[in-house]
Amino acid sequence: MKHVTLYALALSVGVAAVSLSGCNAGEDFGDVNIGGPVIDNTPQPAELPADDEDALEIELVVASDVGGMVRTSNVAHIKYECTESVGEVKASGDTAYLARCATSARSVEFFVGGSGEGDPRVSFGVAYLPMCTGRSEGSAGQSGCAGGSGFFQVAVADLVPRPLLPEDPVPLSAPARRLASDAEVRNRVALLTALDVDPDPLVLKISSGASNLAGNAPNPVSDPNSDFSTSDYAEFSAAWADWLAAINAAYSTTLALPATAADAEALAQAAMDRTRIGLFSLEHDGVSYATAFPDEPPSNLNITLPFIVMPDGSVIGVGALFGVVGAGLTTEAAVDLLAIETGARLDDSLNIRGDGAGDWEVFSVLDPAGAALSFRGRIIGSAAYDNKVTVTDRTDYKLDYPDAAVYTMVENDAARFSGSAFDEPQLIDLPFRIARTGAVGAVLHDAVMAALPEFYQVTIYMACVNPDIDAACAVIPEEEIGPGLNYPVEIDNDSCDESCENDDPALTVTKEKPRGGAGFAFASGSFNLQFLDDGSIVTDRAGECRPLVSTDPLVREAASGTIEEYRVGYVSRTLPDSNSANVLLFMASSASDGGTFDTLLDPPPMPHFGTQIQARLDLAETGKPMFRLGDDNFEAGIRAFWQDFYQPGRYAQDFDTYTGAVGHTLQALAGGAAAGVELDLTCVPVSAVPPPP
């Protein structure tokens, strides 16, 4: 770790501070602000929004058993109620598989039965919606919400099974996720699965007979074993058998519950696993916390740590740490880089867990003695809350979930971290927040998955700082330069305009070259990856396209001997209409893999350490190139965008000032274009274009 001018490095990593969003195919990257929540308005009855109107959209993810293989699925034709209006989830169109509620909605209930007030219904539970986190604006129209754009993805394990009375014991109920083995979760999943009348394994279509005959459904008053909290699955199944038989007789269907409790639990678990995956950002702002909370000790620490959760629940991420060292006239800003240590994960209840039952361990990348932090807490809904009480006796959690009788946070839920960093005194139980910044597609389509490449080569490009004398530089396509595109029009160190003396002229961006070689990225400009059958993406560090000899742990037999590989991403969405797939990559691993001396290793422990990429692979085109996510950019062939915390931070360690080419390079290392191509059986790019240098 080296003390540097905070502004210079903050400017360079500003692009990288933008967390990946990617919750739909229409955007590539989205700003994230994990600020304090806003005070919500009291919700009023509201009509459901039309398809072209703003809405809160909720996707209920379930699963199906197809020949003994469990697949995640969408739900259609299930009814829902929010803001006292009832709708039905559609099976087609732009809003398929979504419950769409007015933007003032606090909750949505999923059920089968009548749509009128007082009509009989069988409820599968209520999804409570955070009033700020995950929305583009607060419910009172104010800014300051954490991540997201009004889209929420839930599993049955996230649904509150029934309203709780204040005097009742507080169970572990949604929005705090319960386990698949919980009787309420297992039994509701079983009944919901039983109502499927469509052979498509990716869509669970609810029988119309279930709603029409909801008044005949068993009632715990007359048959206690029909209660969803019944622990004996055989008794629960028997209690609902006659009702399902009546629907079958009346509607010529073959509805049936999963045969065993284990079958039902497997279905619940699959949906939970899929909805756990995603992009998140962890943030701590010491100055803001000390201002907002009277009991919070003053601190100059600022942490921005984006991370992704993998399909198995493991967590990887690389971010930045800002602070101050020294005292009095010798005070200066300090910057370090952080990486989440191997073993970090989110467990089935979304608790933060490290190896065993420990915390997440986060260490300095630049200096082993620079920072050592441990994080604990729990994600509830789409965020982890600090649960600190303000001077107005409010907490961020209670403002997101103001309704009475919803799960009450316990001490271990609160987001806290401890450890050491810079010249700060020992850090004990400081608050932080986490927000989800992007969800994944609920299902993966077989035809798209089958078309994925096995081995793939990615090339990272950066803007040329000396385009006239650097022979490796090539002209950037004009359509990739401009606001919101892969490259800015210019890179300016001092942002000087006509009102000041411009003694550090801006660099006009015109050319690019592969980002690699000595001193950069621990790698050449290109590196190889492998797609596994389940959609996971792993490194091929030796770049030899040899098969894995083990997937747990990840081991490959390279020409030089056995080599360890890393999971660095996954297929986040499949789009069968365009024969394309969205992928998420985060070249992240433990802090030691980003250490200075690891540059000398061959192959490097993690090529392009810290680099994040979201891309959409065109599987119909030769070479299966990757482009940006949005439909317009994808169709125009705009290459994917990469962003990086690590390289700018590491480069800055060698300089005390950031003018001229140094400052331009610092910013050029933070983002640019990424290209990809399929590799054939001989590890050669499947393309008429020669591989990059």
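Just so you know, residue 1 is the first one in the sequence shown, and it goes up from there.
Inter-residue side-chain proximity for Leu619 and Pro453 is flagged as met; some heavy-atom pair is nearer than 4.5 Å. Taking the side chain as every heavy atom from C-beta outward, His608 and Gln647 never approach each other to under 4.5 Å. At a threshold of 4.5 Å between non-hydrogen side-chain atoms, the residues Cys545 and Asn528 count as touching. A 4.5 Å side-chain heavy-atom check between Ile352 and Leu346 finds at least one atom pair inside the cut-off. Residues Tyr487 and Tyr461 have side chains in contact (heavy-atom distance under 4.5 Å, counting atoms from C-beta outward). Counting only heavy atoms from C-beta outward, the side chains of Leu585 and Leu529 approach each other to under 4.5 Å. Contact annotation: the side chain of Gln667 approaches that of Asn493 to within less than 4.5 Å [non-hydrogen atoms, C-beta and beyond]. Residues Phe586 and Leu279 are not in side-chain contact: their nearest non-hydrogen atoms beyond the backbone lie 4.5 Å or more apart.
At distances below 3.5 Å, at least one donor-acceptor pair connects side-chain atoms of Tyr646 with backbone N or O atoms of Gly594. The backbone N or O of Ser580 lies less than 3.5 Å from no partner atom in the side chain of Arg573, so there is not a single donor-acceptor pair. Judged by distance alone, the side chain of Ser524 and the main-chain N or O of Gly516 form no donor-acceptor pair under 3.5 Å. Panel note: side chain Asp540, backbone Phe455; no donor-acceptor pair is recorded below 3.5 Å. Checked by atom type and distance alone, the side chain of Arg616 never pairs as donor or acceptor with a backbone atom of Phe634 at under 3.5 Å. A distance-only check finds a donor-acceptor pair linking the side chain of Arg436 to the backbone of Ile277 [under 3.5 Å].
Looking at Asp470 and Lys511, no side-chain N of the basic residue comes within less than 4.0 Å of a carboxylate O on the acidic one, giving no salt bridge. Between Arg433 and Asp285, no side-chain nitrogen of the basic residue sits less than 4.0 Å from a carboxylate oxygen of the acidic one, so the salt-bridge criterion is not met.
With rounding to the nearest 0.5 angstrom, the CD1 atom of Ile460 is 11.0 Å from the CD atom of Glu512. In this structure, CD1 in Ile340 is found 8.5 Å from CD1 in Ile316, a value given to the nearest 0.5 Å. Here the CG-OG1 distance, from Asp494 to Thr659, works out to 9.5 Å after rounding to the nearest 0.5 Å. Here the CG atom belonging to Asp336 is positioned 10.5 Å from the CZ atom belonging to Phe322, to the nearest 0.5 angstrom. To the nearest 0.5 Å, atom OG1 of residue Thr611 and atom CG of residue Leu669 are 9.5 Å apart. Taking CG from Leu679 and CD from Glu454, the interatomic distance works out to 10.0 Å, rounded to the nearest 0.5 Å.
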| Worked verdict on Thr275 versus Glu59 for side-chain contact (heavy atoms from CB on, under 4.5 Å) | CA-CA 10 Å; Thr275 53; Glu59 182 179 47; over 6 Å; no
| Given the rule in the side-chain contact (heavy atoms from CB on, under 4.5 Å) test, do Glu479 and Leu485 qualify, once you have shown the distances and angles that lead to the verdict? | CA-CA 8 Å; Glu479 60 271 19; Leu485 297 175; 5.9 Å; no
| message | Using the rule given for side-chain contact (heavy atoms from CB on, under 4.5 Å), can you reason through Asn582 versus Gln614, listing the C-alpha separation, both sets of side-chain angles and the distance that settles it, and then say yes or no? | response | CA-CA 7 Å; Asn582 290 358; Gln614 279 193 96; over 6 Å; no
| Would Asp644 and Met587 count as a side-chain contact (heavy atoms from CB on, under 4.5 Å) if you check the C-alpha gap in whole Å, the side-chain angles of each, and the deciding distance to 0.1 Å? | CA-CA 10 Å; Asp644 186 5; Met587 306 304 291; over 6 Å; no
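For Thr539 and Glu565, the side-chain atoms include at least one donor-acceptor pair closer than 3.5 Å. Remark: the Arg556 side chain and the Gln530 side chain contain an N/O donor-acceptor pair separated by less than 3.5 Å. At a cut-off of 3.5 Å, with distance as the only test, a side-chain donor of Ser592 or Ser590 sits close to an acceptor on the other residue. Asp386 and Tyr289 form a side-chain donor-acceptor contact under 3.5 Å, judged by distance and modelled atom types alone.
Partners of Phe417 according to the ring pair (Phe, Tyr, Trp, His ring centres under 6.0 Å) rule, which considers only residues two or more places apart in sequence or in another chain, are His284, Phe375.
Among the candidates Leu305, Ile434, Thr437, the single residue satisfying the side chain to side chain contact (heavy atoms under 4.5 Å, CB included) test with Ser281 is Thr437.
When all heavy atoms are compared, the tightest approach of Gln153 to Ala439 is OE1-CB, 3.8 Å. The shortest non-hydrogen separation linking Gly317 to Ala588 is N-CB, 3.8 Å. Here the shortest heavy-atom pairing between Ala415 and Ala384 reads CB-CB, 4.3 Å. Asn579 and Ala451 make their closest contact through OD1-CB, 4.2 Å (heavy atoms, listed as atom of the first residue, atom of the second, distance). Heavy atoms only, all atoms of each residue included: Ala472 and Lys513 are closest at O-CB, 3.6 Å. A pairwise comparison of heavy atoms in Ala668 and Trp642 identifies O-CH2, 3.8 Å as the closest pair.
When the shell of 6.0 Å around CG of Asp54 is examined, it contains 12 or fewer heavy atoms from other residues, nucleotides or ligands.
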